[in-house]
Every structure is written in structure tokens, then in C-alpha cells.
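These notes concern the structure reproduced below.
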Amino acid sequence: MSPTIFSLASLAPLMLAAPGESASDAGAQALPPWTPTPAIEVREPAPEATSASLARPASAATSAPAARPASETPSAAPVGPPPRNAAPVVRSQSAATSPATAPAEEDRVEEALPGTDAASVNNPALAAGEHMDPHLPGFKPWEVGGFIDVNYGYNSNNPDNHVYRGTSVQPRTGEFSLNHAVAYVRRDAIPGKFSPLFEFAAQGGPAADALVAYEPNPGGANGKFAGPEVWKHLSRANIGFRTRHGTELVVGLQLSPVGIGVHWSPYNWNYTVTWQLNSVPYYLSGVKLAQTIRDKHQVQLWVVNGWQLLADNNKAPSVMLGYTFTPSDKFNLGEYVWIGPEQADMRPRAWRLFSDTQATYNTERFGVGALFDVGADPRTDLPLTPWQMWMNGAVFTRWRVLGKLRTWDMALRPEFFWDRDGRMFGVPQTLVSAAFTNNVRVFNNLLVRLEYRYDHSTSPTGFFYRGPAIVDGGPGLARDQHTVFFSVAGVFAHRFGGKRG
């Protein structure tokens with residue numbers, strides 16, 4: 001190693017260490033910013049207060065029943081892998097803590113990236129082990145927040161259309177891009193009470209347009225009040241209620257629990273998302289009914305318009321069943337099964353069948369997750385009615401490099417996607433991909449990321465856009481793609497309402 005590189009490397013721990021934190025201490029305790037761990041808050045107790053009265057408020061179970069079983073007993077905050085909702089939890093020190101020992105306001109850093117709860121609806125991988133009803137004081141049901149994600153992407157194929165093929169989360173390369181901007185307001189359930197639920201989020205940017213690019217417009221040009229132009233600025237819009245016993249009923253535009261990850265990229269371990277996540281619904285429009293059973297189990301029933309559809313592409317809904325098992329605050333298992341008509345033929349013999357299985361294990365210093373999907377469509381609209389099948393799997397890992405307050409984490413994710421008949425991505429192929437991400441949290445609200453990603457397609461005619469070859473199925477497409485993304489994300493979230501404990 002050259003003296004210059006060695007000198008720069010030796011400065012990294014000092015640059016990432018927080019004020020008053022030595023480089024040797026910069027690798028222990030703190031959780032990664034994209035996990036659902038609560039803020040650290042220290043407040044001076046009232047004279048009659050006890051240590052129990054200062055315990056952290058519970059996470060809201062509003063939109064995250066799958067991730068949080070109901071419980072009467074508070075539990076330690078979980079460490080969860082890549083996102084989909086948990087309301088912010090606040091971890092307070094005991095009543096014996098002196099105000100003099102509390103960190104200065106400018107030095108206090110939240111353990112979770114602000115807004116992590118709003119980014120993670122129903123994803124058991126995010127809030128594994130967190131309980132729905134700890135019945136603790138100080139819970140604030142309302143939250144407002146948002147984020148701005150700006151990136152620059154370098155693509156080795158340098159496509160003329162600047163399109164990063166295959167993803168709706170980072171759809172542009174070869175330019176500085178205001179990739180995604182989101183603002184939201186939500187109301188979570190008050191622990192232990194019958195509560196209304198509400199969520200609304202507006203969005204803009206290339207990622208917002210790409211998300212709804214394939215929304216159907218039933219009836220074509222004469223089918224008014226539907227299509228991408230109608231829906232593209234809506235990210236969430238739902239309302240419902242939750243009972244004191246953990247039963248939830250929610251209707252509207254909701255985040256899908258299928259897969260590991262979310263369309264709001266600041267909250268994922270890796271910056272880009274998997275091929276799997278771009279083949280399953282990011283959102284669902286319809287009704288969700290969920291029930292928690294004996295703290296560790298939850299079942300869900302979804303009746304929706306269709307596979308990532310706000311407007312329906314036929315005249316019948318689809319159904320999804322979900323089950324999550326959370327035996328501890330470190331491990332979680334989720335299973336989702338989809339069945340329903342996703343083409344013009346609505347007969348049962350033409351229904352789509354799909355299964356998503358996901359499991360996660362996570363600790364403060366290290367986390368690992370895995371998923372496996374398999375799906376099939378009986379294509380009654382084609383000769384001989386072939387079954388078009390696909391299958392995919394991915395492994396997620398993340399580990400803390402150094403830092404307690406200002407942190408540096410790394411994440412590695414290999415995956416494969418077998419699209420036997422081209423049902424998901426239009427080309428019969430197997431996609432193999434790997435992403436390696438560096439995540440540096442500079443401040444509470446500022447996340448800087450650098451990611452390298454490699455993609456390979458087995459299609460003999462290629463799959464990725466390259467230079468002037470920007471037509472799907474046309475000549476000159478590439479079989480390999482190397483991409484480097486540099487991203488800066490600013491995030492904000494604020495809880496309010498209710499009474500402090």
C-alpha cells in the first residue's frame with residue numbers, strides 16, 4: 001500500500017468517530033441507520049416518576065402488524081434487516097440518570113434513520129420481535145416526515161437513453177438525478193386502545209414515475225380517471241382501524257409486505273434493490289385484515305385489485321394470505337401466498353400462483369436475511385396453454401465497520417432470478433447479480449452511500465441497454481452490466497400528538 005493511501009486509511013476511524021468518541025471506541029453498540037431501532041432520548045423525570053414510567057413508548061402497530069406481535073410486556077428494541085413499518089420507539093435511561101449525563105442536543109444521534117417506521121409497513125424483516133402493545137406512556141401517534149434522494153450513477157454500458165433497465169427505484173444512470181422525493185403524514189394506533197389508522201404520502205421524481213409506469217388504463221383512451229398520470233404522485237393513501245386486541249382493518253393504497261426491501265431507498269441496506277423486488281408488488285390497492293395470535297404469530301388476508309395495480313386490469317380481485325412467526329427479537333419468518341386472475345381470462349384454471357418465503361436473523365453488529373420466491377402463470381391466451389414459471393432467491397448481509405454515532409456500515413447481497421419463460425422481464429433468461437454497498441451516516445438526517453453492482457444475463461441476445469441499443473428485444477443489447485451509484489439522502493421525521501409519560 002502506498003504511503004498516501006495508508007495515511008488516508010488511517011484517518012477513516014477519526015473522521016467517522018463522533019465528537020468525544022475515540023477511534024478505538026467507534027465500532028461497538030450503535031445500530032445501522034436503516035434498521036428500525038429507536039431514538040435515544042433522555043428526559044428528567046418528574047419527582048414522583050419511577051424508572052418504569054420513563055420506559056420507551058411502544059412502536060405503533062398501525063401498518064406493521066406482521067412485524068409486531070401484540071404483547072402486554074415491553075421488549076427490547078429489535079434490530080431488523082432491509083425495510084418495509086414500525087412506529088418510532090424511544091429508549092430512555094432510568095430515572096436515576098442525572099441530566100448532567102445526558103448528551104448535548106447537538107451530539108445526540110438517533111439509532112434509527114428518522115422515518116424508518118414509515119418505510120417498513122408489514123415487513124417482518126424490519127421489525128422482528130417488536131411488540132405491538134407494551135402499554136407504555138409517552139406514545140405519540142402522529143408522524144410527519146419525508147426524504148430527498150439525489151444520486152449519480154455510472155453504467156459501464158453507457159446507454160443513450162440513460163435508463164438503468166430492470167428497476168423502478170433507481171431508473172436513471174449517467175447523470176445527476178433528483179431520484180426520489182417523498183413527504184408523508186401518518187397516524188398510528190395508540191397502544192391498548194381502539195384507534196383509527198391513517199397514512200398519506202406524496203412523491204415525485206424518476207423513481208415515482210417508474211413505479212407506476214405499467215399501471216393499466218382500463219378501456220384504453222376512453223378509460224378515464226386511471227393510468228400512470230393519475231397515480232404517479234401517490235405513494236401511500238389508506239385509512240382503517242386497529243382494536244385493542246391486535247385486529248387491523250385497513251383499506252386503500254398500501255405498501256406490499258412481499259419481499260425484503262422497499263421503494264424508499266434510504267431505508268434499505270443496499271442502495272439498489274433486488275430483481276426479486278422488481279418482480280413483486282411494491283404496493284397493493286384494496287383491503288387488508290390482520291390478526292395477531294399469542295404474541296408471536298400473525299395472519300393476514302389481503303383482497304386487492306391485482307399485482308401492483310391501483311386500477312384493475314380485469315374485473316375480479318386477487319387474494320393474498322400472509323403469516324409471520326417472531327419467536328425472538330433476533331429471528332423472524334414470513335410466508336405470503338398469492339392466488340388470483342392477473343390476465344383477461346378470469347377462470348380459476350388461469351389464476352396466478354405465487355409464494356414468497358423470507359427469514360431474517362439480526363444483531364447489533366451483524367445481520368443476515370434470505371428469501372425464496374416461486375411463481376407460475378397458466379397462459380390460457382397462448383397456444384397449448386403453457387405454464388410460465390419463475391423462481392428467485394437472494395441473501396442479504398450487513399455488518400458494522402466502525403462508529404457509534406457517526407457510522408460506517410457495509411452490505412453485500414448476491415441473488416439469482418430464473419425467468420424461464422420471460423414472464424417477469426420479457427426475456428427467457430437467468431439473471432445473476434451482486435451488490436456491495438458502503439453506507440456512511442454523517443448526521444441524524446444525512447446518509448451518504450457508494451455502491452458497486454454487477455448484473456449478468458444468460459440471454460444469448462442480451463438484455464441490458466448499451467449505447468444506441470435501447471430497444472427491448474433489439475440488436476446490440478449487452479449481457480453484462482457494471483454500475484456504480486453515489487447517493488446522498490436527507491431524511492426527516494417528527495412524532496407529535498398524545499401525552500409524554
Side-chain angles (χ1 to χ4, degrees), residues 165-166 168 210-232 251-259 275-289 300-323 335-357 371-392 417-431 459 461 463 471-473:
R165 188 177 187 188
S168 64
L211 178 65
V212 298
Y214 299 101
E215 269 291 332
N217 193 349
N222 294 321
K224 301 176 182 179
F225 321 123
E229 290 302 311
V230 174
W231 306 117
K232 68 180 183 181
V251 297
L253 168 59
Q254 306 174 58
L255 181 63
S256 167
V258 180
W275 291 103
Q276 180 268 350
L277 203 60
N278 282 291
S279 69
V280 299
Y282 280 105
Y283 57 83
L284 296 170
S285 179
V287 180
K288 178 192 71 176
L289 176 65
Q300 299 177 22
L301 170 65
W302 296 73
V303 181
V304 298
N305 281 342
W307 192 267
Q308 186 159 315
L309 297 176
L310 280 160
D312 205 347
N313 61 349
N314 49 38
K315 298 179 181 179
S318 294
V319 173
M320 184 173 72
L321 302 176
Y323 166 75
E335 173 68 29
Y336 297 92
V337 175
W338 181 286
I339 181 170
E342 297 303 323
Q343 49 189 316
D345 188 349
M346 294 183 291
R347 293 175 298 172
R349 63 189 295 260
W351 288 3
R352 172 172 293 179
L353 304 175
F354 173 78
S355 168
D356 169 75
T357 304
L371 64 82
F372 178 78
D373 289 0
V374 59
D377 268 347
R379 295 297 302 277
T380 56
D381 57 326
L382 298 177
L384 304 179
T385 313
W387 277 67
Q388 294 191 336
M389 296 188 63
W390 65 94
M391 184 184 303
N392 57 267
F417 196 106
W418 178 58
D419 197 0
R420 187 189 71 177
D421 306 291
R423 181 57 171 156
M424 288 293 108
F425 296 106
V427 178
Q429 63 182 324
T430 297
L431 290 161
S459 171
T461 58
F463 178 71
V471 178
D472 293 359

Working to the nearest 0.5 Å, report the span between [atom1] of [X] and [atom2] of [Y].
X      : Y      : atom1 : atom2 : value
Glu215 : Leu309 : CD    : CG    : 5.5 Å
Asp419 : Ser279 : CG    : OG    : 8.5 Å
Asn278 : Arg165 : CG    : CZ    : 12.5 Å

Notebook entry, point to check: Do Pro257 and Met320 have side chains that get closer than 4.5 Å, going by heavy atoms?
Noted result: yes
Notebook entry, point to check: Are side-chain heavy atoms of Asp356 and Trp338 found at a separation under 4.5 Å?
Noted result: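 The answer is no; the side chains never approach within 4.5 Å.
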Check: Looking at residues at least two apart in the chain, or sitting in another chain, which of them share a side-chain contact (heavy atoms from CB on, under 4.5 Å) with Ser285?
Finding: Asn305, Leu310
Next item on the list: For Val471, enumerate each residue passing the side-chain contact (heavy atoms from CB on, under 4.5 Å) test, keeping only those at least two apart in sequence or located in another chain.
Entry: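 Result, side-chain contact (heavy atoms from CB on, under 4.5 Å) vs Val471: none returned.
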With sequence neighbours left out, what residues match [X] under side-chain hydrogen bond (donor to acceptor under 3.5 Å, both in side chains)?
X      : result
Trp231 : none
Ser459 : Thr461
Tyr323 : His297
Glu335 : Ser355, Thr357

Item checked: Residue that, paired with Phe417, satisfies ring pair (Phe, Tyr, Trp, His ring centres under 6.0 Å) out of Trp275, Phe463, Phe425 ->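 When Trp275, Phe463, Phe425 are each tested with Phe417, the ring pair (Phe, Tyr, Trp, His ring centres under 6.0 Å) holds only for Phe425.
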Ignoring hydrogens, what is the shortest heavy-atom contact between [X] and [Y]? Give both atom names and the distance.
X      : Y      : value
Pro378 : Gln343 : O-NE2, 2.9 Å
Ala226 : Pro216 : CB-O, 4.3 Å
Trp387 : Ala376 : CE3-CB, 3.5 Å
Leu277 : Val258 : CD1-O, 3.9 Å

Next item on the list: Examine distances only and state if a side-chain atom of Asp421 and a backbone atom of Met389 form a donor-acceptor pair shorter than 3.5 Å.
Entry: yes
Check: Counting distance only, does the side-chain N/O of Ser256 pair as donor-acceptor with the main-chain N or O of Pro281 below 3.5 Å?
Finding: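 Here the side-chain-to-backbone pair exists.
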Margin query: Side chains of Gln276 and Asn392 only: does a donor on one sit below 3.5 Å from an acceptor on the other?
Written below: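 No, Asn392 and Gln276 have no side-chain donor paired with an acceptor closer than 3.5 Å.
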Check: Are more than 12 heavy atoms from other residues, nucleotides or ligands located less than 6.0 Å from atom CZ of Phe372?
Finding: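 Counting other residues, nucleotides and ligands, CZ of Phe372 exceeds 12 neighbours.
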Check: Can you list every side-chain hydrogen bond (donor to acceptor under 3.5 Å, both in side chains) pair that touches residues 377-386, not counting sequence neighbours?
Finding: Asp345-Thr380, Arg352-Asp377, Asp377-Arg423, Arg379-Asp381, Arg379-Gln388
Next item on the list: Would you mind listing every side-chain hydrogen bond (donor to acceptor under 3.5 Å, both in side chains) that reaches into residues 307-318, with sequence neighbours excluded?
Entry: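 Sorted pair list: Ser318-Glu342.
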Checklist line | Verdict with reasoning, Leu371 to Asp373, per side-chain contact (heavy atoms from CB on, under 4.5 Å) | finding: CA-CA 7 Å; Leu371 64 82; Asp373 289 0; 4.1 Å; yes
Next item on the list: Kindly indicate, with the supporting measurements, whether the criterion side-chain contact (heavy atoms from CB on, under 4.5 Å) is fulfilled by Phe354 and Val280.
Entry: CA-CA 10 Å; Phe354 173 78; Val280 299; 3.6 Å; yes
